[in-house]
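Heads up, the thing below is written out as structure tokens.
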Amino acid sequence: GQEYFITVCTANRRTGLTKAPVANAVLAETHRMTADLTWRMRCMVVMPDHIHLVMTLGAWLSLGTAIRRLKAKTSGVLSASGLEWEREFYDRLLRANDDRLAVFQYIFLNPYRAGLVTARETWPHYYCCPADWEWFSVLLDADRPMPEWLL
């Protein structure tokens, strides 16, 4: 039941995760892991060489095992694009008093701050669960970042 902010990178930070087949496979697997109660996905973004996600861990797998499963289930599609996951991953336990808005903004803004999309565009490889989208989307400008967020 612990909540985590996770970053998983490609080996040597090689780019290619945002190729449609790869991004779709990564997003699909994270959704399957929500469906089978491995975790409850709150939000995530797929970037060219890494992913960020916020999730609440389920009761039956450890964090390390859950991340190994994600990597194993997506390694075939990564390999077909000449990629592999970095061996390690980065995690930060989110405590009750941690500011969720700051974490959600960081994840949402990642492609904008990296210059992958303009403030007038939406990033196609972003997901926010409906319950969180309900409160988070009202802070956006038509599903795009508020201009002051990009300063």
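The chain is numbered in sequence order, starting from 1.
Between Ile51 and Val26, the closest side-chain pair of non-hydrogen atoms falls below 4.5 Å. Taking 4.5 Å as the limit, every side-chain heavy atom of Trp39 sits out of range of all side-chain heavy atoms of Thr56. No side-chain heavy atom of Met146 sits under 4.5 Å from any side-chain heavy atom of Leu139. The closest side-chain heavy-atom distance from Thr122 to Arg144 is below 4.5 Å. At a threshold of 4.5 Å between non-hydrogen side-chain atoms, the residues Tyr126 and Ile107 count as touching. Looking only at side-chain heavy atoms (C-beta outward), Cys9 and Asp49 stay at 4.5 Å or farther from each other. A 4.5 Å side-chain heavy-atom check between Tyr4 and Leu57 finds at least one atom pair inside the cut-off. The side-chain heavy atoms of Thr118 and Glu121, taken from C-beta on, include a pair separated by under 4.5 Å.
Interatomic distance, Thr18 OG1 to Leu116 CG, rounded to the nearest 0.5 Å: 7.0 Å. To the nearest 0.5 Å, atoms NZ (Lys73) and CZ (Arg68) are separated by 14.5 Å. Taken to the nearest 0.5 Å, the CD1 atom of Ile6 stands 12.5 Å off from the OG1 atom of Thr30. We find the SG-CE distance between Cys128 and Met41 to be 11.0 Å, quoted to the nearest 0.5 Å. The CD atom of Gln105 sits 9.0 Å away from atom CG of Leu140, with the distance rounded to the nearest 0.5 Å.
Transitive grouping of hydrophobic side chains (ILVMFWY, heavy atoms separated by less than 4.5 Å) brings Leu109 and Val138 into a common cluster. If you chain together hydrophobic residues whose side chains sit under 4.5 Å apart, Leu94 and Phe104 fall into the same group. Residues Met44 and Leu63 fall within the same hydrophobic cluster, defined by Ile, Leu, Val, Met, Phe, Trp and Tyr side chains chained together at heavy-atom separations under 4.5 Å. Tyr106 and Phe136 fall within a single hydrophobic cluster, where Ile, Leu, Val, Met, Phe, Trp and Tyr side chains are chained together by heavy-atom contacts under 4.5 Å. Trp123 and Leu53 are assigned to two separate hydrophobic clusters, defined by single-linkage of ILVMFWY side chains at heavy-atom distances under 4.5 Å.
Environment of CG in Asp99: crowded, with over 12 heavy atoms of neighbouring residues, nucleotides or ligands closer than 6.0 Å.
Under the 3.5 Å distance criterion, the side-chain polar atoms of Ser75 are matched with a main-chain donor or acceptor of Ala72. Of the possible donor and acceptor atoms, none in the side chain of Trp85 sits under 3.5 Å from a partner among the backbone N and O of Leu78. Judged by distance alone, with hydrogens and angles left aside, the side-chain atoms of Thr74 form a donor-acceptor pair with the main-chain N or O of Leu70 at under 3.5 Å. The backbone N or O of Arg87 sits less than 3.5 Å from a side-chain atom of Lys71, completing a donor-acceptor pair. Between the side chain of Arg100 and the main chain of Asp98, a donor-acceptor pair closer than 3.5 Å is present.
Scanning both residues, His125 and Leu27, for their nearest heavy atoms gives CA-CD1, 4.3 Å. Contact between Leu17 and Val46 at its shortest, heavy atoms only, is O-CG1, 3.6 Å. Considering all non-hydrogen atoms of both residues, Met47 and Ala114 come closest at CE-CB, 3.9 Å. For Arg40 against Cys129, the heavy-atom pair with the smallest separation is NH1-SG, 4.3 Å. The two residues Tyr112 and Pro145 come nearest to each other via the heavy atoms CZ-CD, 3.5 Å. Summarising the geometry of Pro21 relative to Val77, their closest heavy-atom pair is O-CG2, 3.7 Å, with the distance given to 0.1 Å.
Screening residues 126-142 for salt bridge (Lys or Arg N to Asp or Glu O under 4.0 Å), with sequence neighbours left out, gives Arg42-Asp132.
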Apply the test salt bridge (charged side-chain N to carboxylate O under 4.0 Å, His left out) to residues Glu84 and Arg14: give CA-CA distance (whole Å), side-chain angles for both, the deciding distance (0.1 Å), then the verdict. CA-CA 8 Å; Glu84 59 185 56; Arg14 291 200 54 202; over 6 Å; no

Take Leu101 and Trp135 through the test side chain to side chain contact (heavy atoms under 4.5 Å, CB included) and record every step on the way to the result. CA-CA 10 Å; Leu101 175 57; Trp135 66 263; 3.9 Å; yes

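Ring pair His52/Phe5 is tilted by interplanar angle, where 30° to 60° counts as tilted. Between Trp133 and Phe108, the two ring planes are tilted [angle within 30° to 60°].
Across Glu29, Arg32, Arg69, a single residue satisfies side-chain hydrogen bond (donor to acceptor under 3.5 Å, both in side chains) together with Thr38, and that is Arg69. The residue from Asn110, Thr15, Thr10 that alone fulfils the side-chain hydrogen bond (donor to acceptor under 3.5 Å, both in side chains) condition with His50 is Asn110.
Under 4.0 Å is where a charged nitrogen must lie from a carboxylate oxygen, and between Arg13 and Glu86 no such pair does. With respect to Arg95 and Glu3, no salt bridge is recorded, no charged nitrogen being found less than 4.0 Å from a carboxylate O.
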